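Keep in mind that this is a model prediction, so the values were computed, not measured. By convention in this document, chain letters (A, B, ...) are assigned in the order of the sequence lines, proteins followed by strands, and residues within each chain are numbered from 1.
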There are 2 protein chains.
Amino acid sequence: MTEELGDAFASDLLRGHTDTIVLGVLQRRDRYGFEIYKAIRDAAGGDHEIKEATLYAAYRRLEKDGLVEAYWGDETQGGRRKYYRITDAGRAVFRRNVGAWRATRDIIDTLLGSRD
Amino acid sequence: MTEELGDAFASDLLRGHTDTIVLGVLQRRDRYGFEIYKAIRDAAGGDHEIKEATLYAAYRRLEKDGLVEAYWGDETQGGRRKYYRITDAGRAVFRRNVGAWRATRDIIDTLLGSRD
DNA sequence: TCAGGTACTATAACAGATCAAGTACCTGAT
DNA sequence: ATCAGGTACTTGATCTGTTATAGTACCTGA
């Protein structure tokens with residue numbers, strides 16, 4: 001991070017929150033992988049993109065941990081789509097992680113406010 | 001992350017912000033390494049600790065990039081202390097990174113609010 | 001004397017994120 | 001008919017911040 005001057009900061013800033021972000025996107029309804037990618041990309045508005053490879057790694061991790069379940073869509077023709085559904089365990093972890101996020105956020109806010 | 005259930009989340013959540021946090025702590029006045037460590041640990045209140053090794057790595061990185069300058073304190077007896085002073089370049093990067101942090105924070109807030 | 005805190009450093013390993021590349025399908029423009 | 005570009009998913013190597021672990025050295029209070 002902290003390049004000469006330009007961009008490239010913002011890479012690691014979302015790190016550690018990827019799984020929680022994915023779970024957040026899946027709260028409302030099932031989504032397929034690329035759809036999640038686009039949802040995050042659009043919400044982030046250009047910068048702060050989470051790369052596809054990062055997300056697919058996250059899907060595998062979440063599935064392995066039983067926080068999401070995957071199933072193939074029934075697209076008869078055209079590209080296949082793999083959908084993800086959040087599990088009860090996933091919702092529990094999500095709630096917990098949102099709490100952790102808020103705590104982290106407040107700590108960083110405090111530290112960057114550079115108080116004594 | 002996302003262990004069975006317990007703790008251990010909170011490790012990677014500060015990741016990527018370490019350098020900026022250190023710069024933030026140095027805004028007001030020079031501090032020595034261990035002092036910065038304690039300031040962050042106290043602000044974080046138990047959890048969300050940034051480990052010593054992480055910080056010393058950050059100091060080296062910041063010094064290499066010219067964002068801080070280091071000098072030894074004049075403690076005649078007792079343990080030596082290495083002080084860090086933020087440079088003008090460091091202040092510029094800090095301002096920029098605070099902006100990046102706010103943007104990141106808002107994005108995560110949005111995504112974890114799980115809107116459509 | 002000795003536990004525990006202060007203070008700094010170095011090395012190897014871990015894990016999430018990214019790079020780079022690939023496969024495959026579809027639509028719209030030339 | 002071709003071809004660029006978007007959709008959609010995957011894999012393997014690599015990068016890098018963080019951590020584990022260990023070490024050195026000094027000081028204070030019990």
Side-chain angles (χ1 to χ4, degrees), chain A residues 1-3 7-22 30-42 44 47-65 68 70-84 97 104, chain B residues 1-3 7-22 30-42 44 47-65 68 70-84 97 104:
Chain A
M1 52 180 296
T2 60
E3 294 283 87
D7 43 21
F9 63 113
S11 286
D12 262 359
L13 301 189
L14 295 171
R15 191 193 182 102
H17 304 286
T18 303
D19 292 17
T20 307
I21 288 170
V22 170
D30 297 4
R31 305 225 200 196
Y32 59 91
F34 203 71
E35 194 182 7
I36 297 170
Y37 164 70
K38 285 186 294 183
I40 295 171
R41 189 192 56 190
D42 294 348
D47 357 280
H48 298 270
E49 184 191 13
I50 299 183
K51 298 297 185 302
E52 276 184 85
T54 304
L55 288 173
Y56 285 106
Y59 303 154
R60 243 173 284 135
R61 202 161 45 229
L62 290 167
E63 206 181 347
K64 185 176 72 62
D65 292 345
V68 303
Y71 58 95
W72 288 102
D74 59 353
E75 288 75 29
T76 45
Q77 98 289 29
R80 62 211 170 126
R81 291 173 169 175
K82 198 187 224 176
Y83 285 82
Y84 295 95
N97 286 5
T104 303
Chain B
M1 51 179 299
T2 61
E3 294 283 88
D7 44 20
F9 66 112
S11 286
D12 262 359
L13 301 188
L14 294 170
R15 191 193 181 102
H17 304 286
T18 303
D19 291 18
T20 307
I21 289 170
V22 170
D30 297 3
R31 305 227 199 194
Y32 59 91
F34 203 70
E35 193 183 8
I36 297 170
Y37 164 70
K38 286 186 294 182
I40 295 171
R41 188 192 58 189
D42 295 348
D47 357 281
H48 297 270
E49 184 190 14
I50 299 182
K51 297 298 185 303
E52 277 185 86
T54 305
L55 288 173
Y56 285 107
Y59 302 154
R60 244 174 283 135
R61 202 161 47 229
L62 290 168
E63 205 180 349
K64 185 175 73 61
D65 292 345
V68 303
Y71 58 94
W72 288 102
D74 58 353
E75 288 75 30
T76 44
Q77 97 288 32
R80 61 213 171 125
R81 292 173 168 176
K82 197 187 222 177
Y83 284 83
Y84 295 94
N97 286 4
T104 304

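- Contact annotation: the side chain of F34(A) never approaches that of R81(A) to less than 4.5 Å [non-hydrogen atoms, C-beta and beyond].
- Between T54(B) and dT19(D) there is a side-chain N or O to OP1 or OP2 distance below 4.0 Å.
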key: Canonical and wobble pairing (Watson-Crick, G-U, under 3.5 Å) of DNA chain D, dot-bracket with |   = ||||||||||||||||||||||||||||||
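- Comparing dA17(C), dA7(C), dA20(D) by their closest approach to the side chain of K38(B) singles out dA7(C).
- Within the structure, every side-chain polar atom (N or O) of R15(B) is placed at least 4.0 Å from both OP1 and OP2 of dG16(C).
- Rounding to the nearest 0.5 angstrom, the gap separating the OG1 atom in T104(A) from the NE2 atom in H17(A) is 6.0 Å.
- Rounded to whole Å, atom C1' of dC9(D) lies 16 Å from atom OH of Y71(A).
- Taking atom NZ of residue K51(B) and atom C1' of nucleotide dA13(C), one finds them 16 Å apart after rounding to whole Å.
- Atom pair I36(A):CD1 and dA8(D):P shows a separation of 12 Å (rounding to whole Å applied).
- Atom NE2 of H17(A) is separated from atom P of dG16(C) by 14 Å (rounded to the nearest Å).
- Contact between the side-chain N/O atoms of T18(B) and the OP1/OP2 oxygens of dT18(D) is found at a separation under 4.0 Å.
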Pull out every protein N or O sitting under 3.5 Å from an N or O of nucleotides 8-11 of chain C, one pair per line with the distance.
from: dC8(C); atom 1: OP1; to: K82(B); atom 2: N; distance (Å): 2.4
from: dC8(C); atom 1: OP1; to: K82(B); atom 2: O; distance (Å): 3.4
from: dC8(C); atom 1: OP2; to: G33(B); atom 2: N; distance (Å): 3.4
from: dC8(C); atom 1: OP2; to: F34(B); atom 2: N; distance (Å): 2.5
from: dC8(C); atom 1: OP2; to: Y56(B); atom 2: OH; distance (Å): 3.1
from: dT9(C); atom 1: OP1; to: K82(B); atom 2: NZ; distance (Å): 3.0

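- We find that OH of Y37(A) is positioned 14 Å from C1' of dA17(C), with the value rounded to whole Å.
- One can place CG of D65(B) at 13 Å from C1' of dT16(D), the figure rounded to the nearest angstrom.
- Residues satisfying the ring pair (Phe, Tyr, Trp, His ring centres under 6.0 Å) test with Y83(B), not counting sequence neighbours, are Y32(B), Y71(B).
- Partners of E63(B) under the side chain to side chain donor-acceptor pair (under 3.5 Å) rule, at least two apart in sequence or in another chain, do not exist in this structure.
- Atom CG in D19(B) sits about 9 Å away from atom C1' in dG17(D), given to the nearest Å.
- One atom, CG of L55(A), and another, C1' of dT10(D), lie 13 Å apart when rounded to the nearest Å.
- For the side chain to side chain contact (heavy atoms under 4.5 Å, CB included) criterion with Y84(A), the lone passing option out of V22(A), D30(A), I36(A) is I36(A).
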Under 3.5 Å donor-acceptor pairs involving side-chain atoms of residues 50-57 of chain B, not counting sequence neighbours:
none

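- Take Y59(A) and apply the side chain to side chain donor-acceptor pair (under 3.5 Å) test, not counting sequence neighbours, and it matches no residue.
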